[in-house]
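Right, one structure below, let's go through it.
When a residue number appears, it is its place in the shown sequence, counting from 1.
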Amino acid sequence: LARKCCAIFHGDMVFIQVYMIALISLGCARAQQLHVSVPEANHRYNTRQGHAGVNVGLKFDVLGFDLVNEGKVCWSVFRVVNGEDELYSPPSCFGAVQELTIRALPEGSYRILGSLVATSGLIVAHSPPRVFHVLGEFVPSYEWQLVADSQDVPPGLEVTMPMDGSGDKRARIPPVWRLQMDLGDVAGLFRTDVQRGTTVAQIGQAAASHLVARYRSKGVPIPGNTCIAMVKDSRRLEPSATAEEVDWFNSAKSVRAGLQPCDTPAERASFITWDLQQL
């Protein structure tokens with residue numbers, strides 16, 4: 001192999017020997033190579049709901065280098081910040097080809113670089129840098145957003161994707177969507193159409209009207225001094241706030257509606273109310 005590498009040079013024996021030594025030091029005599037098969041280039045991973053990060057598997061192949069007898073393979077993970085590589089984890093070295101797992105990577109872009117290191121400490125080969133991305137959980141908005149292949153989208157979104165599968169998948173909250181709330185055993189489920197600019201006051205008024213209508217249709221008297229109340233995660237919803245500002249689509253399960261005395265002291269009333277007797 002060394003002769004084959006050096007046969008392209010001409011001149012006296014000394015000249016050829018010099019190039020033989022140089023080429024052998026560069027791995028011409030036996031090409032050492034390190035290739036990454038997983039993750040694929042620019043692959044996008046999705047952070048699953050309730051998880052702090054993503055576990056990324058690493059698979060690689062070594063050619064022309066005996067890890068058992070000649071050295072080891074070392075891997076470094078860099079996080080790409082503003083176009084610059086920042087070391088995310090120090091090199092980890094192994095003396096055998098094996099599947100590895102990079103655990104709990106938070107959202108961001110990463111570059112992984114491998115090296116074949118001889119027992120003398122000399123680095124004989126690098127893997128081509130492999131870039132991949134960890135995406136956060138897909139959070140719907142009223143604007144079109146790209147959806148990664150591995151990302152799940154909640155039901156009720158407007159989704160577009162090319163019929164031939166060659167382009168990007170996009171999703172958004174529909175301009176008009178259907179809100180559903182449980183108002184209790186008597187009133188049952190309340191449904192209303194919502195737009196991004198629909199206010200809390202408008203939704204609350206519609207919910208109160210629905211509740212009163214259900215009570216009357218079932219012949220159930222409406223208790224005096226009773227108001228319908230709406231609260232999100234124990235905090236007050238401003239009447240003028242819009243569905244977009246409240247993030248109602250993404251947090252509908254955390255918004256509750258119920259009954260409370262209308263004369264609840266202001267310091268204890270953490271939500272807006274509608275007096276059912278006035279409807």
Distance-only donor-acceptor pairs under 3.5 Å for side chains of residues 82-89, two or more places apart:
unit_1: Asp85; atom_1: OD1; unit_2: Arg111; atom_2: NE; d: 3.2
unit_1: Asp85; atom_1: OD2; unit_2: Arg111; atom_2: NE; d: 2.9

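- In this structure, the side chain of Arg214 engages the main chain of Ala187 through a donor-acceptor pair within 3.5 Å.
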Stepwise side-chain contact (heavy atoms from CB on, under 4.5 Å) check, Tyr142 with Glu244: CA-CA 8 Å; Tyr142 287 91; Glu244 182 177 23; 3.9 Å; yes
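- Between Pro175 and Glu158 the shortest side-chain heavy-atom distance falls below 4.5 Å.
- The two residues Trp248 and Met181 come nearest to each other via the heavy atoms CZ2-SD, 4.2 Å.
- The two residues Glu137 and Asn46 make their nearest non-hydrogen contact at CA-OD1, 3.9 Å.
- Between Pro128 and Val36 the shortest side-chain heavy-atom distance does not fall below 4.5 Å.
- Atom CG of Leu189 and atom CD of Gln180 lie 4.5 Å apart (nearest 0.5 Å).
- Across all their heavy atoms, Pro140 and Leu157 have their closest contact at CB-CD2, 3.6 Å.
- In plain terms, the two heavy atoms of Trp177 and Ile173 that are nearest each other are CD1-CG2, 3.6 Å.
- No chain of hydrophobic side-chain contacts below 4.5 Å, direct or via other Ile, Leu, Val, Met, Phe, Trp or Tyr residues, connects Val68 to Phe94.
- With hydrogens and angles disregarded, a donor-acceptor distance shorter than 3.5 Å links the side chain of Lys232 to the backbone of Val246.
- Here the side chain of Thr199 pairs a donor or acceptor atom with the backbone of Gln202 at under 3.5 angstrom.
- Environment of CG in Asp185: sparse, with no more than 12 heavy atoms of neighbouring residues, nucleotides or ligands closer than 6.0 Å.
- Lys253 NZ: 12 or fewer foreign heavy atoms inside a 6.0 Å radius.
- Listed for the Thr47 side chain is a donor-acceptor partner under 3.5 Å among the backbone atoms of Leu135.
- Between Glu143 and Arg196 there is a salt bridge, since at least one side-chain N of the basic residue sits less than 4.0 Å from a carboxylate O of the acidic one.
- Not a single donor-acceptor pair under 3.5 Å links the side chain of Arg44 to the backbone N or O of Val134.
- Two rings, from Phe190 and His210, have their centers less than 6.0 Å apart.
- A donor-acceptor pair under 3.5 Å is absent between the side-chain atoms of Glu70 and the main chain of Leu67, judged by distance alone.
- A donor-acceptor pair shorter than 3.5 Å cannot be found between the side chains of Thr160 and Lys169.
- By the 4.5 Å heavy-atom criterion applied to side chains, Leu179 and Arg191 are not counted as neighbours.
- When all heavy atoms of Phe60 and Gln98 are compared, the pair lying nearest together is CE2-O, 3.3 Å.
- Partner Ser115 forms a side-chain contact (heavy atoms from CB on, under 4.5 Å) with one of Ile123, Leu34, Val73 and no other, that one being Ile123.
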Before you tell me yes or no, could you show the steps for Tyr110 and Val131 under side-chain contact (heavy atoms from CB on, under 4.5 Å), namely the whole-Å CA-CA distance, both residues' side-chain angles and the distance that decides it to 0.1 Å? CA-CA 6 Å; Tyr110 296 87; Val131 175; over 6 Å; no
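- Exactly one of Asn55, Val54, Ile112 qualifies for a side-chain contact (heavy atoms from CB on, under 4.5 Å) with Ile102. That residue is Ile112.
- Residues Thr198 and Ile203 meet the side-chain proximity criterion, which asks for heavy atoms closer than 4.5 Å.
- Rounding to the nearest 0.5 Å gives a distance of 4.5 Å between NE2 of His133 and OG of Ser109.
- Annotation: side chain of Glu99 is not in contact with side chain of Leu58 (no heavy-atom distance under 4.5 Å).
- Side-chain N or O atoms of Ser127 include one that pairs as donor or acceptor with a backbone N or O of Gly114 at under 3.5 Å.
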Please walk me through it: do Val255 and Val231 pass side-chain contact (heavy atoms from CB on, under 4.5 Å)? CA-CA 6 Å; Val255 179; Val231 59; over 6 Å; no
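- The two residues Gln195 and Val176 have their closest heavy-atom pair at CG-CG2, 3.8 Å.
- Side-chain atoms of Glu238 never come within 3.5 Å of backbone atoms of Val200 as a donor-acceptor pair (strictly under, hydrogens ignored).
- The distance from the CD atom of Gln32 to the NE2 atom of His126 is 12.5 Å, given to the nearest 0.5 Å.
- No side-chain heavy atom of Val117 sits under 4.5 Å from any side-chain heavy atom of Val124.
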